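Here's the structure, in structure tokens; my notes come after.
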2 protein chains.
Amino acid sequence: MEQKKSFTIYDLARKLNYSPSTISRALKNHHSISDKTIAIVKKAAEEEGYRPNILAASLRNNQSKTIGVLVTRINRPFISSLISGIENAASKEGYNILISQSNDVYKNEVTSAKALFDSRVCGIIASLGMETESINHFKQFSKMNIPVVFVDRVPADFKSYTVVIDNYTAAFNATTHLIEQGCKRIAHFAGAQHLNVYRDRKKGYVDALVENGLAVDDSLIITMKSLSAEEGEASTEQLMQTTNPPDGIFCSNDTTAVSAILTLKKMGVKIPEEVAVIGFNDDPISSIVEPALSTVSHPAMEMGELCTQRILQHVLKKEGTPKIAECSVLDTHLIIRASSTRKNT
Amino acid sequence: MEQKKSFTIYDLARKLNYSPSTISRALKNHHSISDKTIAIVKKAAEEEGYRPNILAASLRNNQSKTIGVLVTRINRPFISSLISGIENAASKEGYNILISQSNDVYKNEVTSAKALFDSRVCGIIASLGMETESINHFKQFSKMNIPVVFVDRVPADFKSYTVVIDNYTAAFNATTHLIEQGCKRIAHFAGAQHLNVYRDRKKGYVDALVENGLAVDDSLIITMKSLSAEEGEASTEQLMQTTNPPDGIFCSNDTTAVSAILTLKKMGVKIPEEVAVIGFNDDPISSIVEPALSTVSHPAMEMGELCTQRILQHVLKKEGTPKIAECSVLDTHLIIRASSTRKNT
DNA sequence: GAAAATTAGACAATCGATTGCGTTAATTGC
DNA sequence: GCAATTAACGCAATCGATTGTCTAATTTTC
């Protein structure tokens, strides 16, 4: 059974004895069509249940009102909030969003980028996967002057737009906070170092230690592949079994931080007295775990909205691709909860 | 600055001295094109970086390989996992997904449905909003023989596909479990009763009570608008301040269940000894809260995959719209954790 | 009152891929 | 050896909306 064919402006034109061009212009309130005609056309369109075919319009204009979104995994708190922000800002302006996830597999990311390109998105918003080191699959967009916005996990050098948080400062502040709470040996759960977010967080951590006259002990820095709960548990155990265990842990995400808390509790270690813990992201679980996890909050929704605005700004103003990376850095917020509060202030 | 125009099959045709139709067929391995020509065309396409214009193909075929997804909020654990499942199954078959969220506002849902329709999606997957009572905005799809799949929150009577869990049985089992654990006065946090999911959960709760010879006390059933943490807290306080408080609560979602646990603890009520609690959804927070929350797990990802399969099955086999609601009911799984475990079995 | 200007709308090309049908040329059949 | 197939490819219409250009009718101008 085939799809029924739809009612088009040609059908309307025939019915009203106007030309298709007049119908098209009338529906768009073009100035060269009389008010009377516009009223007639719109009324008939309404009655007949006419709906424009966006595919046709997009093809003709060589421009779809669709924004491509390429992420690693949709079902992660930060990502889903990001997408939510993107969608809200987009739909407000009449744009649709086409979503693709790579599941952190590089090959999928390349395939998805192609698919989004083929769909002629008017712009693309992407957050890089764990495996991604080359970004050649985004060059096709730039070549066609289609704006690319990288968000959160961004490449080092790509002449385009970027929306990030200040990972360095956030990490610096989080670590400083632990130091202020009396921690002397602070461990760090780091993520893959080819990704800016984890690299910057580590840098902030190291610099905070140095600035406060604390030694940087490489044995306290554990770099994980995926920052999963399992890795968090294993690393916590490993750290605590050494002769000189840490008295604080700055984790690159909440998943490992919560995992650390649960593991420490299981081991009978007091939090925050013996080991203070701080995470990153402000996932829902962070406020539920006991003791509640101190963390760094991402303005995920706003980041998404900003990404959309970047795309629209480029598209509507017909700007050229920026000659340099045009970067928006958003502020983070340190949320201090029980897992790191040793002193009453 | 305009978008550059792209390299098309016409450009390829000119370059290779073939007709556009031959190019088109060669790229699709059409049998009437010689292997030699196919090789030549594909090689040149690759070299020139040719990319098909999906808009053009879709317009011509009156069929886009795009599935529309209409949900209430993207950034909710269940929904984002659902979408993830939809996307995985879709991309595997070369389909894209266009996402729109209503934020639980009926007007948005109608607008989004229109937008997805205008984009000529080949099918639509929808979960109804809290406010939604009429579903006329989905009729346009059926009229055009575009498959509609309702998932989780589904309308009562719509001749189309449906993917749900067995809310009744899940609720029945959850309540029975509480009874088995010795609860005699079980409260229920119910959701809006015009939605199937909450109506069925309530029914399952009521029937389990009846079947076990317990009285159904309307004062123990609290119907909430949005099942938010705030409502959960307020309702818990209200319940516990009565002269005859409950000794168990079956909550329609995890948000209110966790909220109940936190509130009970704040009030000094022992869980599960004085009040046992069980939730619904298996959100990440449920395993983190203390005591860990017993709950009902949704197979969210699988539901998403199944939705996509339903669409593809309809599209690929060119089936007609089902004459009756064609319903897939998935099994749930009762996860028993500390919040409801009174007896050692 | 005739030329100029404005108004209202029609014509036809265009976007890029697809496909039914037609046309050669090569191959097969008897 | 000639008709009948088959193979390989071209022609041109089509999907539905958009838009530059053109035309006819009406209004304005001096």
Side-chain angles (χ1 to χ4, degrees), chain A residues 2-42 44-45 48-66 94 117-122 144, chain B residues 2-42 44-45 48-66 94 117-122 144:
Chain A
E2 297 295 322
Q3 246 180 59
K4 312 259 189 331
K5 66 185 208 301
S6 44
F7 192 84
T8 73
I9 56 170
Y10 291 92
D11 300 318
L12 256 184
R14 206 173 311 121
K15 175 151 303 213
L16 299 178
N17 256 324
Y18 278 120
S19 78
S21 50
T22 299
I23 304 290
S24 174
R25 291 188 167 107
L27 289 171
K28 293 203 142 29
N29 297 315
H30 193 278
H31 65 270
S32 83
I33 307 295
S34 71
D35 291 350
K36 187 174 128 253
T37 305
I38 289 181
I40 292 174
V41 171
K42 286 195 172 174
E48 300 289 341
Y50 166 78
R51 297 267 73 212
N53 186 323
I54 296 212
L55 295 176
S58 299
L59 174 60
R60 168 63 216 235
N61 298 331
N62 194 28
Q63 236 266 77
S64 76
K65 291 180 81 168
T66 300
F117 181 85
D118 295 350
S119 290
R120 295 303 192 266
V121 294
C122 69
M144 299 287 292
Chain B
E2 297 295 324
Q3 245 179 59
K4 310 262 190 331
K5 67 183 204 306
S6 44
F7 191 84
T8 73
I9 56 169
Y10 292 92
D11 300 318
L12 257 184
R14 205 172 313 120
K15 175 151 304 216
L16 299 177
N17 257 323
Y18 278 120
S19 78
S21 47
T22 298
I23 303 291
S24 173
R25 291 187 169 110
L27 290 172
K28 294 201 142 31
N29 296 316
H30 193 278
H31 66 271
S32 82
I33 306 295
S34 71
D35 291 350
K36 188 176 128 244
T37 306
I38 289 182
I40 292 174
V41 170
K42 286 195 173 175
E48 300 290 340
Y50 165 77
R51 296 268 74 213
N53 186 324
I54 296 211
L55 296 177
S58 300
L59 174 61
R60 169 62 217 241
N61 297 334
N62 195 30
Q63 235 265 77
S64 76
K65 292 181 80 167
T66 301
F117 181 86
D118 295 350
S119 292
R120 295 303 190 268
V121 293
C122 68
M144 299 288 290

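This one's a predicted model, so the numbers in the text were calculated from it and none came from an experiment. In what follows, chains are A, B, ... by sequence order, proteins preceding strands, each numbered from 1.
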Which atoms of nucleotides 12-15 of chain D (N or O only) lie under 3.5 Å from a protein N or O atom, and what are those distances?
residue	atom	partner	partner atom	Å
dT14(D)	O2	R60(B)	NH1	3.0
dC15(D)	O2	R60(B)	N	3.3

Open item on the list: If you take any heavy atom closer than 4.0 Å to DNA chain C, which residues from residues 26-34 of chain A end up in contact?
Closed with: S32(A), I33(A), S34(A)

Open item on the list: Using 0.5 Å steps for rounding, measure from the OG atom of S119(A) to the CZ atom of R51(B).
Closed with: 10.5 Å

- [ ] Specify the separation, in whole Å, of atom CD1 of I38(B) and atom P of dA8(D).
- [x] 9 Å

Task: Partners meeting side-chain hydrogen bond (donor to acceptor under 3.5 Å, both in side chains) with N61(B) (sequence neighbours left out) - done: none

Task: K65(B) NZ to C122(B) SG distance, which is reported to the nearest 0.5 Å - done: 9.0 Å

Open item on the list: Nearest whole Å is fine: how far is dG16(C) P from D11(B) CG?
Closed with: 8 Å

Open item on the list: With rounding to the nearest 0.5 angstrom, report the CD1 to CG distance, I33(A) to L27(A).
Closed with: 10.0 Å

Open item on the list: Tell me the bend of the helix from dG1(C)-dC30(D) to dC30(C)-dG1(D) as the angle between end helix axes, each from five pairs, rounded to the nearest 10 degrees.
Closed with: 40°

Open item on the list: Counting the atoms with a prime plus P, OP1 and OP2 as sugar-phosphate, which does N17(B) contact under 4.0 Å by heavy atoms, base, sugar-phosphate, or nothing?
Closed with: sugar-phosphate

Open item on the list: Is there a side-chain contact between S24(B) and the phosphate of dT18(C), meaning an N or O under 4.0 Å from OP1 or OP2?
Closed with: yes

Task: Min side-chain heavy-atom separation R25(A)-S32(A) under 4.5 Å - done: yes

- [ ] For the pair T8(B) (side chain) and Y10(B) (backbone), establish whether a donor and an acceptor sit closer than 3.5 Å, ignoring hydrogens and angles.
- [x] yes

Open item on the list: When you measure only distances, ignoring hydrogens and angles, does the side chain of R51(A) come within 3.5 Å of the base of dG16(D) through a donor and an acceptor?
Closed with: no

- [ ] Would you mind classifying the nucleic acid contact of T37(B) as base, sugar-phosphate or nothing, using non-hydrogen atoms under 4.0 angstrom?
- [x] sugar-phosphate

Open item on the list: Going by salt bridge (Lys or Arg N to Asp or Glu O under 4.0 Å), name the residues that satisfy it together with K28(A), two or more places apart in sequence or in a different chain.
Closed with: none

- [ ] Return no unless some side-chain N or O of T22(A) is found under 4.0 Å from OP1 or OP2 of dG9(C).
- [x] no

Task: S24(A) and S21(A) side chains, donor-acceptor separation under 3.5 Å - done: no

Task: Value in whole Å for how far the C1' atom of dG16(C) lies from CG of D118(A) - done: 13 Å

- [ ] In whole angstrom, give the distance that lies between atom OH of Y18(B) and atom P of dG10(D).
- [x] 7 Å

Task: For the student: nearest non-hydrogen atoms of F7(A) and Y50(A), plus distance - done: O-CD1, 3.3 Å

Open item on the list: Given 3.5 Å as the limit, does a donor-acceptor pair link the side chain of S64(A) with the main chain of S58(A), or not?
Closed with: no

TODO: Please state how far atom CZ in R25(A) lies from atom P in dA17(D), giving the value in whole angstrom units.
DONE: 15 Å

TODO: Nearest 0.5 Å please: distance from the CD1 atom of I38(B) over to the OG1 atom of T22(B).
DONE: 10.5 Å

Open item on the list: Does atom CG (N29(B)) have a neighbourhood of more than 12 heavy atoms from anything else shown, all under 6.0 Å?
Closed with: yes

Task: Inter-residue atom distance M144(B).CE - F117(B).CZ, 0.5 Å rounding - done: 5.0 Å

Give every pair of a protein N or O atom and an N or O atom of nucleotides 22-28 of chain C that lie under 3.5 Å apart, one pair per line with the distance.
none

Open item on the list: Just the rounded figure in Å: distance from C1' of dA17(D) to CG of L12(A).
Closed with: 12 Å

Task: Whole angstrom value for the distance that separates P of dC9(D) from CD1 of I23(B) - done: 10 Å

TODO: Can you tell me the distance, in whole Å, between the CZ atom of F117(A) and the P atom of dG16(C)?
DONE: 12 Å

Open item on the list: Quick check for you: to the nearest 0.5 Å, what is the distance between L16(B) atom CG and D11(B) atom CG?
Closed with: 10.5 Å

TODO: Please work out if Y50(B) contacts a base, only the sugar-phosphate, or nothing of the nucleic acid, heavy-atom cut-off 4.0 Å.
DONE: sugar-phosphate

